[in-house]
Each structure stands twice: as C-alpha cells, then as structure tokens.
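Following: one structure in structure tokens, then a few remarks.
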Amino acid sequence: VLDILQKVFYTNNGAREAFVDMCASDYVQKVTFDSYLYKKVQGNDPINDIKLLFNTIGSVIKGNAIAKPDRTFSNPVESLKRL
C-alpha cells in the first residue's frame, strides 16, 4: 500500500498537495490510526472508500491546477557518483 501511495503522490508538487489534502480527512486519519493500532490495514467501509476516491481525484486535479511546477533538478556530480 505504501509503495502505491509513494508512486502516486510523490511524482510532482500537485500530487503532493493532493496527498496533504487527503491526509486532512477524518476518515483517512481514523483508518491510518486503526491500521497502526491493529497492525492490519483497516477500513472496510465501501461508502467512505468511494467518497475518499472521488475526493482524492478532485484533490489531484486541484493540486495540479494550483501547484507550482517542479523545478528541474540537475546534479551531474552526484549522478556520476551513483554510477
């Protein structure tokens, strides 16, 4: 689950803004806390899951509309060290 979240929400500034917006949801906070508490992904509320899906899609659209574009990153010295 965390891998999917990282691939979706850490791609650009708009997606990161959507992630912050999603985390403000009481439902997300409850599911996150319960999952941590019981060491198993909680939820199982299809209505709230669908609401969360539509809110997240809306947040991604809004985030991409208002977020500043990512700056280009270039560090050739560090890149050469990693090769």
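Since the structure is predicted, the reported quantities are computational estimates derived from the model, not experimental observations.
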### Task
Decide side-chain hydrogen bond (donor to acceptor under 3.5 Å, both in side chains) for Asp45 and Tyr27; before the verdict, give the C-alpha distance in whole Å, the side-chain angles of both, and the deciding distance to 0.1 Å.
CA-CA 10 Å; Asp45 185 353; Tyr27 178 66; 5.1 Å; no
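Residue pairs meeting the salt bridge (charged side-chain N to carboxylate O under 4.0 Å, His left out) criterion with at least one partner in residues 32-42, sequence neighbours excluded, are Lys30-Asp34.
Hydrophobic cluster membership differs between Val28 and Ile47, with clusters built from Ile, Leu, Val, Met, Phe, Trp and Tyr side chains linked at under 4.5 angstrom.
A distance of 10.5 Å separates CE of Met22 from CD of Gln29, quoted to the nearest 0.5 Å. Rounding to the nearest 0.5 Å places CZ of Arg16 at 8.5 Å from OH of Tyr10.
Heavy atoms only, all atoms of each residue included: Ala18 and Phe9 are closest at CB-CE2, 4.1 Å.
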Please output the side-chain donor-acceptor pairs of residues 53-63 that fall under 3.5 Å, not counting sequence neighbours, one pair per line with the distance.
residue, atom, partner, partner atom, Å
Asn55, ND2, Lys51, O, 3.3
Thr56, OG1, Leu52, O, 2.7
Ser59, OG, Asp21, OD2, 2.5
Ser59, OG, Asn55, O, 2.9

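The environment of CG in Leu37 is crowded: more than 12 heavy-atom neighbours from other residues, nucleotides or ligands sit within 6.0 Å.
For Lys7, the salt bridge (charged side-chain N to carboxylate O under 4.0 Å, His left out) partners two or more places apart in sequence, or in a different chain, are Asp3.
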